[in-house]
Amino acid sequence: MMNVALWIIAGVLAAVCLVGSSKMFVPQEKLAAMGSSAQWVLEFSPGALKAIGAVELLAAVGLILPAVLDIAPVLVPLAATGLVLLFACAVTMRLRRGEKATIAGDLIYLALAAFVAWGRFGPESFTG
């Protein structure tokens, strides 16, 4: 049962990261025009946004493909751990900007990524 939950959560996180990886291709101005919760992009250079998008793309791939292909499945909890760090940075940025209304999503994603990392390093690891 936990294995199924971990797969579902990893899939949701991968989908979120795939959408977020659009930062690599969408111009900064268009991202900022998506609403008040997207104004944070103006504090980063276009290169930094592309790097964040690349990290999200790598996380999306790392959450799913290593386990599905059975090639280095230890990358799954490592990708989830990377996402914990990414979302911790997002929470920190939102707190610094005073965006308490939009912080809930980042906190939820952080908790989900932490659960996947814990589950795949521990009770439902692919090596055990």
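In what follows, residues are counted from 1 in the order of the sequence shown.
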Within the side chain of [X], is there an N or O that forms a donor-acceptor pair under 3.5 Å with the backbone of [Y]?
{"X": "Lys23", "Y": "Gly53", "result": "no"}
{"X": "Glu43", "Y": "Arg97", "result": "no"}
{"X": "Glu124", "Y": "Leu6", "result": "no"}
{"X": "Ser125", "Y": "Phe121", "result": "no"}

Locate the shortest heavy-atom distance separating [X] from [Y]; write the atom from each residue and the value.
{"X": "Gln28", "Y": "Leu42", "value": "NE2-CA, 3.7 Å"}
{"X": "Pro66", "Y": "Val61", "value": "CD-O, 3.3 Å"}
{"X": "Ala79", "Y": "Ala59", "value": "CB-O, 4.1 Å"}
{"X": "Leu83", "Y": "Ala113", "value": "CB-CB, 3.8 Å"}
{"X": "Ala114", "Y": "Val84", "value": "N-CG2, 3.4 Å"}

Exercise. Considering residues, nucleotides and ligands other than Tyr109, do more than 12 of their heavy atoms fall under 6.0 Å from its OH?
Worked result: no

For residues [X] and [Y]: do they belong to one hydrophobic cluster (side chain heavy atoms under 4.5 Å, members Ile, Leu, Val, Met, Phe, Trp, Tyr)?
{"X": "Ile64", "Y": "Phe115", "result": "yes"}
{"X": "Ile71", "Y": "Leu75", "result": "no"}
{"X": "Ile108", "Y": "Ile9", "result": "yes"}
{"X": "Met24", "Y": "Leu63", "result": "no"}
{"X": "Met34", "Y": "Phe44", "result": "yes"}

Would you call [X] and [Y] a side-chain contact if the rule is heavy atoms closer than 4.5 Å?
{"X": "Pro123", "Y": "Trp118", "value": "yes"}
{"X": "Val68", "Y": "Trp7", "value": "yes"}
{"X": "Asn3", "Y": "Arg120", "value": "yes"}
{"X": "Val116", "Y": "Pro77", "value": "no"}

Say you draw a straight line from [atom1] of [X] to [atom2] of [Y]; how long is it, rounded to the nearest 0.5 Å?
{"X": "Glu56", "Y": "Ser22", "atom1": "CD", "atom2": "OG", "answer": "8.0 Å"}
{"X": "Gln39", "Y": "Thr102", "atom1": "CD", "atom2": "OG1", "answer": "11.0 Å"}
{"X": "Leu65", "Y": "Leu58", "atom1": "CG", "atom2": "CG", "answer": "11.0 Å"}

Problem set entry | Evaluation steps, side-chain contact (heavy atoms from CB on, under 4.5 Å), between Asp106 and Leu110 | CA-CA 6 Å; Asp106 292 327; Leu110 188 152; over 6 Å; no

Problem set entry | Residue pair Leu57, Cys17: steps toward the side-chain contact (heavy atoms from CB on, under 4.5 Å) verdict | CA-CA 6 Å; Leu57 180 62; Cys17 288; over 6 Å; no

Exercise. With sequence neighbours left out, what residues match Val4 under side chain to side chain contact (heavy atoms under 4.5 Å, CB included)?
Worked result: Ile8

